[in-house]
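Below is one structure, written out as structure tokens; comments come after it.
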Amino acid sequence: MAVHVTVIGTGYLGATQAACLAESGCRVLGVDTDEEKVRALQAGGVPFYEPGLQELVARHVATGALRFTTSFAEAADFGEVHFLCVGTPQRADGLDADLGALYAAVAALVPLLRRQCLVVGKSTVPAGTAERLAPLLATAPAGGDVDLAWNPEFLREGHAVRDTLRPDRIVAGVRSELAEKVLRGVYAAQLDAGVPFVVTDLATAQLVKVAANAFLATRVSLMNAMADLCESAGADVLSLVQAVGHDQRIGAHYLHPGLGFGGGCLGKDIRALQAQAHRLGLEPVAGLLAHVDEINTARRGQVVRLAGELCGGSVAARRVGVLGAAFKPDSDDVRDSPALDVAHRLHEAGAVVAVYDPAARANAQRSHPWLQHVGSAAEAAAGADVLLHLTEWEEFRALDPDDLGGRVAHRRIVDARNALDADRWRLSGWQFRGLGRPA
Ligand code: NAD
């Protein structure tokens, strides 16, 4: 018998989770308060860009294995397992996570739970959140028959489908053997394929996710700090990374120096952890994370400075062509996007900024309507005094420096992602600058 699962919150995480659970053989009902999103998903569409997801949603909606609704009553009747996948963004008034959507979803669901079920937190939360939700679940009509587990998610946008169908590991924070058994049933396809299944308690499960993000963010910022050292010492950070990455204790992933991290997760998660560490009196932890964040944000100022340097001292009244608006390639997500932040800072400094992104144009236009948003790299380059490569889409790697050279006012480029072939651009007469690389 297929497990009946609901996924509450159908954004980047939840829509992917819902489609992949259907692919794994569950009957799935996605729930969201956003009627427009629900309508789009129920029509077999995906209201954001994620490679491979549209096909999966369309296929499973067509068979009826995957449905979407705004009704919590329908969800409560349907689900044996309820995954909580709502957003937990940074609070507007500080570094903490805003858990308002999570509490709202639980408040809407709990009074309707009349049958035995397992509520599973997937959203990223500060440790201790699950423990505060547990007494709320106990007030459900089904009372003690409603159990709670935490099952953090590690998917990467741009690779979300693959990461969900075949994750590196599944973490199950549980309070009962039954909860573990239920989760093993939901993830049977992954477990059969040999995906490691780590069973732990609720507190550890919540912390695994933020610990992993803190580790990844620290690696990126450490290597970006090394890039600054390389620039001062006349060294090449790309050779350094290659040599360091061969060390098996370190490994080559998440070492790439450049403009740093952004998006809806890494930044807000290390800030929430910083706030929690501070509250617990763990100042060294809070201080470490504050430095990681600070190094990351400073990259953006550095690119603006480099652009000014290439323009002879200032970007005021200069035309700047920006390649990339999404926080990473293969995504249209512009939350805390380093590329858009740089574009915005240039605009503030008086530059005329034209931005091109292969997938994120609409989102970028919505969040930064004061910038020019154009439909191709050639349009962004037209008349530019300097070109900035800020999101490493494959399309940009394939650009022809000779062709673009004929469109710009000056052949100057900053490769803030260290992803372009510097020799090729220089051969074509471009003044080429990478972060942490010899001028
Ligand atoms: P998102 O903003 O794309 O999606 C959140 C969804 O929740 C939206 O569709 C919103 O309408 C819906 N929602 C809000 N309040 C609701 C309510 N009361 N009831 C039902 N639905 C509600 O966010 P996201 O990127 O999918 O992130 C969700 C969670 O997953 C966050 O905690 C995030 O940190 C975590 N996460 C995200 C990723 C990622 O790559 N995006 C990866 C791992 C973990």
Side-chain angles (χ1 to χ4, degrees), residues 6-20 29-42 46-51 53 68-76 79 82-91 96-110 112 119-126 129-130 133 150-164 167-171 205-206 208-214 216-217 261-273 326-328 330-337 363 367:
T6 77
V7 174
I8 300 172
T10 55
Y12 286 95
L13 164 65
T16 310
Q17 175 73 3
C20 290
L29 183 62
V31 188
D32 206 292
T33 46
D34 182 336
E35 287 179 15
E36 209 176 303
K37 194 173 275 188
V38 165
R39 248 195 315 275
L41 287 161
Q42 187 54 41
V46 176
F48 55 88
Y49 178 79
E50 180 61 46
L53 185 56
F68 294 90
T69 183
T70 54
S71 164
F72 277 85
E74 195 184 344
H82 302 282
F83 282 100
L84 302 173
C85 298
V86 299
T88 51
Q90 185 176 339
R91 285 177 65 106
D96 268 308
D98 181 347
L99 302 178
L102 188 66
Y103 279 103
V106 168
L109 180 70
V110 166
L112 304 166
V119 175
V120 184
K122 232 182 198 316
S123 300
T124 305
V125 293
T129 304
L133 291 179
W150 217 266
N151 168 222
E153 179 56 53
F154 304 93
L155 68 82
R156 299 160 300 166
E157 285 176 30
H159 306 268
V161 170
R162 190 244 162 242
D163 285 353
T164 308
D168 290 343
R169 77 303 213 180
I170 294 168
V171 176
Q206 293 162 88
V208 169
K209 171 65 187 177
V210 282
N213 272 0
L216 293 173
F261 56 80
C265 291
L266 232 46
K268 61 104 175 157
D269 288 347
I270 61 166
R271 281 172 220 133
L273 186 54
F327 85 100
K328 66 184 296 192
D330 296 319
S331 173
D332 66 351
D333 194 346
V334 298
R335 289 177 289 183
D336 190 21
S337 163
N363 285 343
S367 69

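Every value quoted in this text rests on a predicted model; they were computed, and no experiment measured them. We number each residue from 1, following the sequence as shown. Counting starts at 1 for both ligands and their atoms, following the listed order.
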Point to revise | Test item: Lys328 side-chain N/O and Gly263 main-chain N/O as donor-acceptor pair under 3.5 Å | key: no

**Study point:** With sequence neighbours excluded, residues passing salt bridge (charged side-chain N to carboxylate O under 4.0 Å, His left out) with Asp163
**Key:** Arg156

Review point. Counting only N and O atoms by type, is there a donor-acceptor contact under 3.5 Å from the side chain of Thr164 to the main-chain atoms of Gln17?
Key: no

**Study point:** Asn151 side-chain N/O to Val171 backbone N/O, donor-acceptor pair under 3.5 Å
**Key:** yes

Review point. Under a 4.0 Å heavy-atom cut-off, what residues line ligand 1?
Key: Ile8, Gly9, Thr10, Gly11, Tyr12, Leu13, Asp32, Thr33, Asp34, Lys37, Phe72, Cys85, Val86, Gly87, Thr88, Ala101, Ala104, Ala105, Ser123, Thr124, Glu153, Leu155, Glu157, Lys209, Cys265, Lys268, Arg335

Review point. Any donor-acceptor pair under 3.5 Å linking the side chain of Asn363 with the backbone of Asp332?
Key: yes

Practice item. Answer yes or no: is there a donor N or O on one side and an acceptor on the other, between the side chain of Gln206 and the main chain of Val125, under 3.5 Å? Key: no

